Amino acid sequence: MLHPANPAHPAHPAKKRGPLTKRAAALLSVATATVAAVVTSPAGAAPAAAAAPSAAPAAAALRWTGCATPRYPTLQCASLKVPLDHDRPGGRQISLALTRVPHTAATSQGPLLVNPGGPGGSGRALAGFVASALPKDVAAQYDVIGFDPRGVGKSEPTLDCGPGHFTPVRPDSVPLDAQTEQANLDRVKAFADSCQAKHADVLPYIGTVSAARDIETLRGALGAAKVSYFGYSYGTYLGAVYAKLHPDRVHRLVLDSVVDPGGVWYEDNLAQDQAFDARHKSFLAWVAQYDEKYGLGTDPAGVEERWYAMRDALRGTPAGGKVGPAELEDTYMPGGYYNGYWPVLAEAFSAYEVAKDPKPLVAAYERFGAVEPSAGNSYSVYTAVQCRDSAWPKDWNQWRADMWRTHAKAPFMTWNNAWYNAPCAFWKTEPLAAPDVSNASLPPALLLQATEDAATPFEGALSMKGKLKGSALVVEEGGGNHGVALSGNKCLDEKVAAYLRSGQASDATCPAQAAPKPTPATRAVPPTAGGTALHGLLGFRG
């Protein structure tokens with residue numbers, strides 16, 4: 001998603017917080033009480049039946065062909081035609097790229113659609129991952145189906161608004177002077193103008209509601225009376241919008257790392273800025289625990305000062321001619337999504353600050369921050385969806401005031417995130433009104449959320465729970481990763497498996513996985529990090 005001026009960076013000591021267990025329990029009890037007061041079920045009402053959906057006539061033919069990989073030997077691929085404009089079903093058609101791991105059990109619970117977020121994330125690779133990560137008896141009951149949403153990846157047409165938009169070295173994201181601010185404004189305006197020039201014919205139809213209507217077309221093409229859905233990050237919002245449009249078509253609904261549906265999208269990004277700053281402080285405090293390894297000091301505030309000193313130094317001399325302040329933020333932002341990256345990021349930090357060697361920092365940028373050609377597509381769809389989904393301020397003075405106010409409290413990513421989303425201030429396609437996803441017609445949904453998630457802060461899960469009647473929230477207490485199911489937490493994974501088997505779920509708390517340990521610099525990612533494969537698929541800012 002989502003993601004994301006003071007020339008001097010003062011120390012930013014980590015804020016003390018109360019016990020996480022009490023915090024999560026209190027917030028959850030408030031949300032549960034609110035839901036109970038507003039939408040109380042009739043006395044003795046039973047949960048929605050979990051029987052397998054019956055087949056429905058197919059709306060279109062899907063031709064599945066083998067596209068096996070060594071890891072996923074039963075993987076199949078197909079393409080689906082959908083209307084560009086669902087209000088004109090006989091008009092121009094576009095295509096969605098699909099993958100499938102077929103069910104193997106004698107009795108099937110139907111399709112399980114999976115989405116990795118974004119917006120702009122490709123979901124084709126996620127089908128094989130989910131099918132292999134679930135317990136065999138659960139995966140066997142579902143056709144696990146991945147898809148590239150409209151405009152993404154192998155779907156056609158694909159968007160690519162501004163190749164080279166992230167080419168280093170970009171202007172400093174923090175506009176300490178008018179010249180830097182103007183350089184950033186020129187850059188985001190050029191992207192918005194380029195997108196309009198290249199894709200004006202499709203931009204009005206790139207958005208969450210259109211993507212949700214695609215899911216309904218896919219359901220018909222699969223010949224399924226109902227579908228199940230498993231979405232991460234932005235995928236939670238897409239799933240909630242689909243469920244709002246077609247509640248009677250939902251069999252199971254799993255939402256992991258939940259978008260706050262009440263903040264789509266400007267307010268959600270401001271909340272995200274503060275959460276990322278807190279998560280970055282957690283990383284720096286972790287570095288301080290291992291002074292014998294990294295040599296950056298034992299005081300988290302002092303380590304933070306050194307990180308900002310590194311940022312200031314890169315303004316004058318970018319590392320390797322590639323890593324300036326904006327690229328440094330890009331490099332360390334993934335640590336807010338997944339703490340399995342912390343050892344690599346700490347090694348790069350230490351090498352630059354202590355050993356005066358910029359090469360590991362450049363390598364970390366190339367690993368985590370550098371934008372590959374395919375990312376031009378994902379960012380283009382991200383922008384097109386977010387700018388279309390809801391209204392953004394058009395007065396740059398409001399952006400400027402809001403960002404400086406937030407930056408004063410959360411300097412790590414506020415301005416970086418602002419420029420990432422700023423094309424929406426200059427977007428030509430008129431925005432829609434975000435739908436209210438409140439839903440009292442669904443079977444029980446399962447929500448999963450880490451309390452310290454930066455990309456989708458915890459309060460968003462409480463908001464979604466309050467809107468989905470009968471939903472259950474499983475909290476990863478003390479966890480800070482984004483995307484928590486099927487990433488090695490046995491407690492969470494068991495809750496997901498049980499729900500997909502039976503449709504039954506209840507509020508619960510699971511302990512977070514242990515923080516990583518320092519690893520030799522030769523290792524790209526700790527081999528014991530259970531979430532590495534998942535987070536490679538989810539990507540960043542999604």
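All values derive from a computational prediction rather than experimental measurement.
Using modelled atom types and a 3.5 Å distance limit, the side chains of Asp389 and Tyr237 yield no donor-acceptor pair. Asn416 and Asp330 share a side-chain donor-acceptor pair at under 3.5 Å. Between the side chains of His535 and Ser487, no donor-acceptor pair of N or O atoms lies under 3.5 Å. Side chains of Asp453 and Tyr337: a donor-acceptor N/O pair is absent below 3.5 angstrom, by distance only. Between Asn377 and Asp160, the side chains place no donor N or O within less than 3.5 Å of an acceptor N or O (distance only, hydrogens not considered). Counted by atom type alone, Thr532 and Tyr338 present one or more donor-acceptor pairs between their side chains at under 3.5 Å.
Cation-pi contact between Arg100 and Phe147: absent, since separation from the ring centre below 6.0 Å together with deviation from the ring axis within 45° is not met.
Tyr365 and Pro168 make their closest contact through OH-CG, 3.5 Å (heavy atoms, listed as atom of the first residue, atom of the second, distance). Listed here is the closest heavy atom pair of Val258 and Thr456: O-CB, 3.3 Å. Here the shortest heavy-atom pairing between Gly262 and Ser463 reads N-OG, 4.5 Å. Taking all atoms of both residues into account, the shortest heavy-atom contact from Cys510 to Lys495 is SG-CE, 4.2 Å. Across all non-hydrogen atoms, the minimal contact from Trp399 to Ala418 is CZ3-O, 3.7 Å. Contact between Leu361 and Leu314 at its shortest, heavy atoms only, is CD2-CD1, 4.0 Å.
Residue Phe230 forms a side-chain contact (heavy atoms from CB on, under 4.5 Å) with just one option from Leu126, Asp256, Leu255, Leu446, and that option is Asp256.
Annotation: side chain of Val202 is in contact with side chain of Pro157 (closest heavy-atom distance under 4.5 Å). Here the side chains of Arg388 and Leu203 are not in contact, with every heavy-atom distance at 4.5 Å or above. Using a 4.5 Å heavy-atom cutoff, the side chains of Lys465 and Gln449 are not in contact.
In summary, the aromatic rings of Tyr379 and His165 are positioned with their centroids under 6.0 Å apart. Taking the six-membered ring for Trp and the full ring otherwise, the centers of Tyr294 and Phe349 sit at least 6.0 Å from each other. Between Phe368 and Tyr332, the distance from one ring center to the other does not fall under 6.0 angstrom. Aromatic pair Trp419/Phe191: centroids not less than 6.0 angstrom apart.
Sorted by first and then second residue, the disulfide (SG to SG under 2.5 Å) pairs with a member in residues 166-195 read Cys161-Cys195; sequence neighbours excluded.
The environment of CZ in Arg400 is crowded: more than 12 heavy-atom neighbours from other residues, nucleotides or ligands sit within 6.0 Å.
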